[in-house]
Structure formats: structure tokens, C-alpha cells
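Hydrogens, waters and symmetry mates play no part in the numbers below; they use all other heavy atoms, side chains included. In this chain, residues are counted from 1 in sequence order. The shown structure was predicted, so the numbers you read here are calculated from the model rather than taken from an experiment.
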Amino acid sequence: MHYVTDDIEHGKWHCSTTDKCYDPGLLFEDTGKEMKKYVLHPADTFADHAMYLREISVDKDWNVTVGERHKVIDYANLENPARGLRAEGYHGYKIGDYYYIFMIQGCDGQRQEIVWRSKSLLNGHWEGRMVFGGEMVDENGNVVMQTNGIAQGGIVETPDGQWWCFLFKDYGSVGRMPMWLPMKWSDDGWPIVGNGTTDKLPMGRNMTTPYYIDLPASKGMNIVQSDEFNIWKPKKSKSRFGSWNPGLKLCWQWNHIPDNNGWSLKERKGWLRLKTTSVAHNIRDARNSLTQRTFGPTCSGQTLVDVSQMKDGDWAGLASFQRRYGFVGVKKENGQLHLVMHRAKEQRDADGQDIETKPLNQTKVWLRVDHDFRDLTDKATFLYSLDGKQWQPIGDTLQMHYDIPDFCGQRFMLFNFSTKVPGGMVDFDFFHVK
């Protein structure tokens, strides 16, 4: 699927569906007469170790098509091409005389950032080099945040002429941490990432300074935000497609394609209302679950929920969500409300188990989840309050675990789902993160 807009900040997007291009990346080339656009992608099967290129065309109605497929780089001639990850995650650039394609590859479990370059996009000779294959180290050379490498990203030039490499690092259950690594260019036109040199290959080894991005401390449009659940209104747009509709802040993500009949910011001003419109087996397949990313080294999220309109079989609350999830919330059984701490006890335990339940004799309750990602501790604890002041722990500790189905990492989740009859609803007054 391809999306086009003429107002990248405030406009709506026009969608086109084209032929399948697995795990694609983009390359743009300004020829002086036009901006040429290409999609880069690997083969459809893991048996084919190659990278393909197709030109993107956009017609007068802004419908997108992709052209003929060209094999650009064939990894079959490389030593042990099937070892580790297949090269993927393409980022393409035309800089000076060369086309550069940055990508990730794996070697004996260690992820590496590699670059291929050629002076001709379709008919050139492509040279490849590994430009970063290390970890972050301290001043004494000791590895910090030991995992399986830093890779898969692209490069950016800042207005003052500095070059940076923008990669990520898997770090346990918090998921993929964005990393800035300084970069420069060698005399013969190769990128030098981190403290790499061109004396020997591989060039990039370790970075002595961890240029990680502290998102909560940054200013502006943070990707994790507190929310009072007032209707967010974007600025007006002059896009031919119109502007975004007012609604939730852009920091939120639905865990499934939402049923827009099942949520509202208007029915109760200043509250998020989640209504059950279907029946779910468990939180893993519950629709209209609203999420934000967690972040390290520690983070805490809390909310106030009104459960006065729940139905029997309904569950609602605040979760620490991944395949091995846990949550603190309220369930209604036989007309009685219960506080509950519930979690999956193993990776494939989608239904989970109640760890602790308590009768709840009021219809408003404050819920909180604390996360600790320091040194791969990866633990979450759950608390509740009956007055918003005094907090009580409930249940036990969730030992979080990074897993492929939710590979981007642990998330905060506000949820309400029914296991019996749709039609119940809960209201969340706010979500506060720190």
C-alpha cells in the first residue's frame, strides 16, 4: 500500500494498492528535471538472497503504480549468504556520484550495518562494506547494553553540515531503542560510522559514547505523551485531500484496526469512552485497545477509570502489553466488581491467569503500572488506589520478555473487552506517563 499527500504535516493521505513488495525501503533521486522515486525490497521467499528495485509512478489523480522489477544486488555470491539475518531494511540515497543503500545483515547472531554503493543504479558494479558491527562501550572499553548489535537504519545531514547515522538497538522487552551515531565520509566516498576508520575492514566497531535519544526529556511532539482526553485538533490544511479529523493525539496506536463505533471523546467531555462491540477470548484479541510505547530506563503510567457501566463478563484496565502481558484492572462477575491483577505466565499463555482479585465496592479506581528496564531487569509491577493518593500493590511482578509478535517492545495499554455480551462501556479520565 502506498500513501500520498501534498501536506505532510496536516493533510489527509490518499491510498493506493500495488503489487506486493516485501519489507520495502525507498530511494529518491533529484535529476534536476524531476524527482524519481524507487522502492527497494528483498525477494518474496527466503531462498532468494537478492535485492530488487522498482520505479514508482504517480498519475494526475495521485494513484501509485510500481514498474518492472530489477534485480540490483545478488547476495548469492557472498560467503555464507544464509547465515544470520537476510539483508533487509533498505535505505537508499543518491549522494554525489554514488547510489548508496544502507541495510542490516546478521552474522553469527550479531547484527551489522552494511552499505552497498554503485555509480549506476541498474547496470553498475555494486561494492559492499560493513560500516558498523559493534556495541556501545564505556571509556574503558567495557561493553554497556550488551545485546545483538546496532543496525537497520539510514543517514541524515543536519543543517550545519554534520552527518549522523540513525539506527536501532534491540534491548530486551523495551524493544527497539533509537540510536544516533556520528558519521563522516572517507576521502574515497565511504561512510565512516562511530569510531570506525578506513584502515581495515570492517570499519565500524564500537561507540565510546552512547548517543541514545532521551524521548521523555525532549521537547515538542514526543512519541510518548500524557493525555487528558480532550479532543485533539490539528492545524488547518490546504491539502487537496482535506485535513485530519480531530480526535486522539498522534502518540496513540490502536492495537487492532479500531471499530469507530466503540470509542468516543465526545460522549463524555474530557474522558475516553471505550465500548465493547464484540466478544473476545482474552486481551490478546480484544479490539479497541489503545496503546503507547514504554521507554527506559524506567517509566510509569497511570489512569483513572469509571467502571459504572460495565456488564458481566467485561474486563477493563491498564496493561503492560506484549505476548507475555500483565494488567491491573476491573472485571465484573455475577453483578460484582472485582479488582484484579492478571498476567500471562508464559509466552504462549494468551488467556493468562488471575494472580490476585479483591472485591471492589466503588465505581472509580486509579490504576498504575511501573516498568524497570535497567540492565535488562525487565520487570513490571502493578498498583491501584481508591482515592488517587494512597497506592497499594496488587498481584506479583511481571517478568517481561521480548518476543517476535510484538517485536517493537512493551506497550502501555488502555483496554475494555467483553467475554460474554457486547454493550458495556468504561470511561478513562486521563493517562499520565512519567
Side-chain angles (χ1 to χ4, degrees), residues 173-174 216-217 224-230 251-252 268-274 283 289-310 314-322 324-345 352-374 377-400 410-417 424-434:
S173 61
V174 78
V224 181
Q225 298 182 46
S226 295
D227 198 343
E228 302 299 327
F229 294 125
N230 298 309
C251 54
W252 291 104
R268 186 176 181 182
K269 187 176 181 181
W271 296 69
L272 167 68
R273 172 162 291 177
L274 295 182
I283 195 173
S289 298
L290 196 60
T291 77
Q292 289 198 47
R293 284 291 306 272
T294 57
F295 55 87
T298 62
C299 63
S300 177
Q302 62 176 271
T303 189
L304 168 63
V305 60
D306 183 338
V307 297
S308 58
Q309 299 185 73
M310 292 180 76
D314 288 1
W315 299 66
L318 175 63
S320 175
F321 189 75
Q322 203 169 179
R324 186 185 292 180
Y325 65 85
F327 65 75
V328 57
V330 178
K331 67 176 180 178
K332 189 170 185 179
E333 292 181 333
N334 301 319
Q336 174 63 48
L337 298 172
H338 301 270
L339 275 168
V340 60
M341 186 267 166
H342 182 99
R343 67 173 173 85
K345 285 198 168 184
Q353 301 179 41
D354 290 355
I355 305 302
E356 184 177 357
T357 62
K358 296 182 176 184
L360 178 63
N361 298 315
Q362 59 191 62
T363 57
K364 291 183 181 179
V365 62
W366 287 257
L367 308 172
R368 193 176 101 199
V369 181
D370 296 343
H371 296 87
D372 187 352
F373 300 108
R374 292 172 293 186
T377 299
D378 289 355
K379 295 184 183 298
T381 53
F382 304 84
L383 306 96
Y384 73 93
S385 175
L386 301 177
D387 59 8
K389 299 177 182 178
Q390 300 296 320
W391 290 94
Q392 301 293 331
I394 185 171
D396 61 7
T397 299
L398 171 68
Q399 182 60 61
M400 297 179 285
Q410 208 80 13
R411 288 180 283 166
F412 293 110
M413 174 183 280
L414 302 176
F415 67 90
N416 179 33
F417 67 91
M425 65 182 71
V426 298
D427 296 324
F428 293 92
D429 188 19
F430 59 81
F431 174 73
H432 291 166
V433 63
K434 62 179 180 179

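Screening residues 326-343 for salt bridge (charged side-chain N to carboxylate O under 4.0 Å, His left out) gives K331-E333, K331-D354, R343-D396 as the qualifying pairs, with residues at least two apart or on separate chains.
Atoms CD1 and CD, from I394 and E356 in turn, are 4.5 Å apart once rounded to the nearest 0.5 Å. To the nearest 0.5 Å, the span separating OG1 on T291 from CD on Q322 amounts to 12.0 Å. Atoms OG1 and CZ, from T303 and R368 in turn, are 13.5 Å apart once rounded to the nearest 0.5 Å. A distance of 10.0 Å separates OG1 in T298 from NZ in K434, rounded to the nearest 0.5 Å. Note: M341 CE to Y384 OH = 13.5 Å, rounded to the nearest 0.5 Å.
Taking N334 as the reference, nothing meets the side-chain hydrogen bond (donor to acceptor under 3.5 Å, both in side chains) condition, with sequence neighbours excluded. With sequence neighbours excluded, no residue satisfies ring pair (Phe, Tyr, Trp, His ring centres under 6.0 Å) with W366.
A salt bridge is absent between K389 and D387; no separation between the charged side-chain nitrogens and carboxylate oxygens falls under 4.0 Å.
In this structure, the side chains of L272 and F431 stay at 4.5 Å or more apart for every pair of heavy atoms. The shortest distance between side-chain heavy atoms of M425 and R268 does not fall below 4.5 Å. Contact check for D378 versus F373: side-chain heavy atoms found under the 4.5 Å cut-off.
Judged purely by distance below 3.5 Å, without hydrogens or angles, the side chains of D370 and S300 pair a donor atom with an acceptor atom. Side-chain contact, Q410 with T294: no donor N or O sits under 3.5 Å from an acceptor N or O.
Partner of F382 under the side-chain contact (heavy atoms from CB on, under 4.5 Å) criterion, out of I355, V369, V340: V369 alone.
Using a distance-only test at 3.5 Å, with no hydrogens or angles considered, no donor-acceptor pair links the side chain of T363 to the main chain of V307. At least one donor-acceptor pair closer than 3.5 Å links the side chain of S226 to the backbone N or O of V433. With hydrogens and angles disregarded, a donor-acceptor distance shorter than 3.5 Å links the side chain of Q362 to the backbone of L386. Between the side chain of Q390 and the backbone N or O of S385 there is no donor-acceptor pair closer than 3.5 Å. Panel note: side chain N416, backbone L274; a donor-acceptor pair is recorded below 3.5 Å. At least one donor-acceptor pair closer than 3.5 Å links the side chain of Q336 to the backbone N or O of L360.
Between F417 and W315, the angle of the ring planes stays under 30°, which puts this pair in the parallel group of the 30/60° scheme. By the 30° and 60° cut-offs, the orientation of the rings of F412 relative to H371 is perpendicular.
The minimum heavy-atom distance linking A316 with V426 is given by the pair CB-CG1, 3.8 Å. When all heavy atoms of L318 and F415 are compared, the pair lying nearest together is N-CE2, 3.6 Å. The minimum heavy-atom distance linking D427 with R273 is given by the pair OD1-NE, 2.8 Å. Pairing each heavy atom of L414 with each of F229, the nearest pair is CD1-CZ, 3.7 Å. The nearest pair of heavy atoms linking Q225 to C251 is CB-SG, 3.8 Å. In terms of heavy-atom proximity, P359 sits nearest to H338 at CA-ND1, 4.2 Å.
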How far apart are the C-alpha atoms of R411 and Q292, what are their side-chain angles, what is the distance that settles it, and do they pass the side chain to side chain contact (heavy atoms under 4.5 Å, CB included) test? CA-CA 6 Å; R411 288 180 283 166; Q292 289 198 47; over 6 Å; no

**K364 vs D429, side chain to side chain contact (heavy atoms under 4.5 Å, CB included): CA-CA, chis, key distance, verdict** = CA-CA 10 Å; K364 291 183 181 179; D429 188 19; over 6 Å; no

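Around the NZ atom of K358, the shell of radius 6.0 Å holds more than 12 heavy atoms that belong to other residues, nucleotides or ligands.
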